[in-house]
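Each chain gets a letter, A, B and so on, in the order its sequence line appears, and its residues count up from 1.
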Protein chains: 2
Amino acid sequence: MAPSFTQLHPELAELLPGELHAFCTTGIHQRGERLFATGSKPVNMFFIRSGEVILERIGAHGGSAVLQRSRHGFVGEASLQSARYHCDGKVIATSEITQIPIAQVRTAMDADPVFASRWITMLNREVKRLRLQCERLSLCRVQDRLMHLLETEGKSGKYPLGSGLKSLASELGVTHEALYRCVSMMERDRTLMRDSGHLQLVHR
Amino acid sequence: MAPSFTQLHPELAELLPGELHAFCTTGIHQRGERLFATGSKPVNMFFIRSGEVILERIGAHGGSAVLQRSRHGFVGEASLQSARYHCDGKVIATSEITQIPIAQVRTAMDADPVFASRWITMLNREVKRLRLQCERLSLCRVQDRLMHLLETEGKSGKYPLGSGLKSLASELGVTHEALYRCVSMMERDRTLMRDSGHLQLVHR
DNA sequence: CGTACTTTTGAATCGCATCAAATCTGGTGG
DNA sequence: CCACCAGATTTGATGCGATTCAAAAGTACG
């Protein structure tokens, strides 16, 4: 990871007050890298410009669950006021990621009400997205979950795949075999189209 | 619903700055009442002192999904900056609920950085709870979901039931039959104890 | 060209949804 | 007080769909 002084992503630049920009460092992270580990003390928060990162929790029985899969936006933003991380942050595709020191963010937020308000807006969005994800996971069949995803997260049914269907499967909480079968069945039904890196829902 | 001027719940009184207290009204709501409906404009947010409320989304195909089941704390807090509700708020057990006008909250938050900071703390907690719920719903078997709930939400494995197992079932995203069977099986296994209104996980 | 990973297909099994029906419960009105 | 009703609880039978295990083929990358 080589920190550089690239221009901040517009979305991030707009959210963060100017005096924080200098504290941000942007770098390339490779697949397999861990941004943070369960139990460690949060120092930075992360903003994904491109690539793919998952939040993963390792259960007592060894099994792992993906809490979130993110290809753009904040990761670990809830660590703002946490003493410890409650999950792992893992890079699963080469990613361009901006690090922002938490302490500075906290200071700036206490001083700048407008910044705090924007931050609350972002958290509200996140809460809604998570509620939708819960709704999705409460669906029984794989096809229902996939269609729910395409309808709620996609743009008019079009949804960009990150690093393949396998990672999507874990986000949907199903095995990759089940998702592969579901996709190919929907393609045969002409309910779904798959072109390079995209899923497109076909309304009929 | 008869608004009264009861003392605010301590948790709420601590969160809200003093000048907002006067705008809060607390009342009793009966089962079946709707606090708000999908598509309507948010005017109040709600704090549950006791009882039980669910956030429910009605799907296009008519099926319903419970986004959240709450017996204490805020409901509809993400509506702070929303133009419309994206789900229904339904009372499913006689509840004591405090209403707080959103406009006043917004005003107070812009003026009071400490209040904004406390609000962010609350939202961060909510985000974490939702991530745990997603993790839970990504588990395959009913028993795994139930144990996950008892381990993460309960106090040393003890978890209070609200209005029965049926409502718990919908929170876990399974049919009530499956949950009933799972509970009675775990009781036979001596993995779980059920006394009046409580589930207690037995570690062995 | 070999290695690691994804994608794909197959077969067997298991757990849950579904449909059905009986019992139990608390609360309401006669 | 009792009959009655709505909803919760419980048990049973059946079928579907996903998991699981296995294996082969495709693909990216050093």
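Two residues, B:Ser167 and A:Ala178, neighbour DNA chain D, and the one matched to the more 5' nucleotide by heavy-atom proximity is B:Ser167.
Rounded to whole angstrom, the span from the CG atom of B:Leu165 across to the C1' atom of D:dT11 amounts to 15 Å. Note: CG (A:Leu137) to P (D:dA18) measures 14 Å, nearest angstrom. Atom CG in B:Leu179 sits about 13 Å away from atom C1' in D:dA8, given to the nearest Å. Rounded to an integer number of Å, the gap from A:Leu161 CG to C:dT6 P is 13 Å. For A:Glu177 and C:dT7, the CD to P distance is 12 Å, given to the nearest whole Å. Regarding A:Leu139, its CG atom lies at a distance of 15 Å from the P atom of D:dG17, rounded to whole Å. Atom-to-atom, CZ of B:Arg188 to C1' of D:dT11 comes out at 11 Å; the value is rounded to the nearest Å. The NZ atom of A:Lys166 sits 16 Å away from the P atom of D:dA28 (whole-angstrom rounding).
For A:His176, whose side chain is taken as the heavy atoms from C-beta onward, the closest listed nucleotide among C:dT8, D:dT10, C:dA17 is C:dT8. Among the nucleotides C:dT8, C:dC19, C:dA17, the one closest to any side-chain atom of A:Arg194 is C:dT8.
Taking only side-chain nitrogens and oxygens, A:Arg145 never comes nearer than 4.0 Å to OP1 or OP2 of D:dG17. Between B:Arg141 and the phosphate of C:dA17, there is no side-chain N or O to OP1/OP2 separation shorter than 4.0 Å. At D:dT10, none of the side-chain N or O atoms of B:Tyr180 fall inside 4.0 Å of OP1 or OP2 (strictly under the cut-off). The phosphate of D:dA18 has neither OP1 nor OP2 within less than 4.0 Å of any side-chain N or O from A:Thr175. A sub-4.0 Å separation between OP1 or OP2 of D:dC29 and a side-chain N or O of A:Arg31 is absent.
Annotation: the span from B:Thr107 atom OG1 to B:Gln104 atom CD amounts to 6.0 Å, rounded to 0.5 Å.
The heavy-atom pair separating A:Gln30 from A:Val91 by the smallest distance is O-CG1, 3.4 Å.
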Compile the donor-acceptor pairs under 3.5 Å between side chains in residues 9-24 of chain B and protein atoms, sequence neighbours left out, one pair per line.
{"from": "B:His9", "atom 1": "ND1", "to": "B:Glu11", "atom 2": "N", "distance (Å)": "3.1"}
{"from": "B:Glu11", "atom 1": "OE1", "to": "B:His72", "atom 2": "NE2", "distance (Å)": "3.0"}
{"from": "B:His21", "atom 1": "NE2", "to": "B:Ala13", "atom 2": "O", "distance (Å)": "3.3"}
{"from": "B:His21", "atom 1": "NE2", "to": "B:Leu16", "atom 2": "O", "distance (Å)": "3.1"}

What do the steps show when you test B:Leu80 against B:Met45 for side chain to side chain contact (heavy atoms under 4.5 Å, CB included), and what is the final call? CA-CA 8 Å; B:Leu80 180 66; B:Met45 52 179 62; 3.9 Å; yes

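No N or O donor and acceptor, one from the side chain of B:Arg181 and one from the base of C:dG15, sit under 3.5 Å apart. Between the base of C:dC16 and the side chain of B:Gln143 there is no donor-acceptor pair shorter than 3.5 Å.
A cation-pi geometry, defined here as NZ or CZ lying under 6.0 Å from the six-membered ring centre and within 45° of its normal, holds between A:Arg71 and A:Tyr159.
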